[in-house]
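Here's the structure we're looking at; comments come further down.
Because the structure is predicted, anything quoted here is derived from the model rather than measured.
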Amino acid sequence: PAPAKIAHDRRIIARPPRRTRRPPHLSPTALPRLPPLAQMTFYPYCPDSAPFFGFLGAAFALIFGNMGAAYGTWKSAIGLATMAKLGRNKVQTELVMKAIMPVILSGVCGIFGLIIAVIISSGISYGTGPAPVYSLYTGYAHLAAGLTVGLSNLASGLAIGMSGDCGVQDSARQPKLYIPMVLIWSFGSALGLYGLIVALIIATKDGGEMLCSCTSAVPGGPVTCSA
């Protein structure tokens, strides 16, 4: 090989490696230093995961309530639509308007779930200071309230839908059956109302904020609560 090429290759081999500069935001002096374990304060009854249960309760309240409302509306609408097969002379206009009642009662199931979901969502707060304000006690209460109203209105929607499907058609054939069917629909709708009342009591339960004053020096250590 040529002497000039050999000299060029030697300069490449002998060249020291380049030192990459670390960006200022990644330098060891710029990184935040965590406080030592002895200076940290733990809140065993108010962990960071406590709001998860509250949001879960709000979601369950609205989801199950809307499921009951959707099923009840669907089944009641099917019964109302099949009244067209009974003949023009057998179906009265007044009964057709009265047959919308199970559809309205089914929609109330979703409204009950919406009320509890709004109450739970407005009660979830993480606080602005270093100490949390939302405890596990409140999170479990909100979860229980959401399940109570959600599953109760799901059962109410199932009852109204099943009885509304056949009740609307039979009351059109025999108008004397309308009053008993109204009682059946009313008691079916009362199931969701019972769940709403109990969920309101559970969701507005006090006492969870006091648990956030309890602290611990180490995880799993002794807990001290301030008055």
Main chain of A117, side chain of S121: is a donor-acceptor contact present, judged purely on distance under 3.5 Å?
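Pair found, side chain donor or acceptor close to backbone of A117.
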N/O donor-acceptor pair under 3.5 Å between S122 side chain and I119 backbone
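Indeed, once roles are kept as given, a pair shorter than 3.5 Å links the two residues.
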Could you give the distance from [atom1] ([X]) to [atom2] ([Y]), rounded to the nearest 0.5 Å?
{"X": "L80", "Y": "Q169", "atom1": "CG", "atom2": "CD", "answer": "9.5 Å"}
{"X": "L191", "Y": "N153", "atom1": "CG", "atom2": "CG", "answer": "9.0 Å"}
{"X": "L193", "Y": "C109", "atom1": "CG", "atom2": "SG", "answer": "10.5 Å"}
{"X": "S156", "Y": "F112", "atom1": "OG", "atom2": "CZ", "answer": "8.0 Å"}
{"X": "T148", "Y": "I201", "atom1": "OG1", "atom2": "CD1", "answer": "10.5 Å"}
{"X": "I120", "Y": "L143", "atom1": "CD1", "atom2": "CG", "answer": "8.5 Å"}

Step by step, work out the side chain to side chain contact (heavy atoms under 4.5 Å, CB included) result for H142 and F55.
CA-CA 8 Å; H142 286 170; F55 288 118; over 6 Å; no
Test side chain to side chain contact (heavy atoms under 4.5 Å, CB included) on D165 and M162 and set out the steps.
CA-CA 5 Å; D165 185 13; M162 294 299 294; over 6 Å; no
Side-chain donor-acceptor pairs of residues 175-182 under 3.5 Å, sequence neighbours excluded:
| from | atom 1 | to | atom 2 | distance (Å) |
| --- | --- | --- | --- | --- |
| Y178 | OH | K98 | O | 3.1 |

In terms of hydrophobic clusters joined by side-chain contacts under 4.5 Å, are [X] and [Y] together?
{"X": "L56", "Y": "Y134", "result": "no"}
{"X": "M101", "Y": "V103", "result": "yes"}
{"X": "I124", "Y": "L200", "result": "yes"}
{"X": "I160", "Y": "I184", "result": "yes"}
{"X": "L154", "Y": "F60", "result": "yes"}

Assess, by modelled atom type and distance only, whether the side chains of S76 and T73 contain a donor and an acceptor separated by less than 3.5 Å.
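Looking only at side-chain atoms, T73 and S76 do not form any donor-acceptor pair under 3.5 Å.
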Closest contact, heavy atoms only, [X] versus [Y]:
{"X": "A141", "Y": "I202", "answer": "O-CG2, 3.2 Å"}
{"X": "G188", "Y": "A159", "answer": "CA-CB, 4.5 Å"}
{"X": "V168", "Y": "P102", "answer": "CG2-CG, 3.9 Å"}

Check ring-ring contact (aromatic ring centres under 6.0 Å, His included) between Y140 and all other residues, then give those that pass, not counting sequence neighbours.
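Listed in chain order: F53.
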Check residues 61-72 and write down every donor-acceptor pair under 3.5 Å in which the side-chain atom is one partner and the other belongs to a residue at least two apart or another chain.
| from | atom 1 | to | atom 2 | distance (Å) |
| --- | --- | --- | --- | --- |
| N66 | ND2 | L62 | O | 3.1 |

Any side-chain heavy atom of S163 within less than 4.5 Å of one from W185?
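S163 reaches W185 side chain to side chain.
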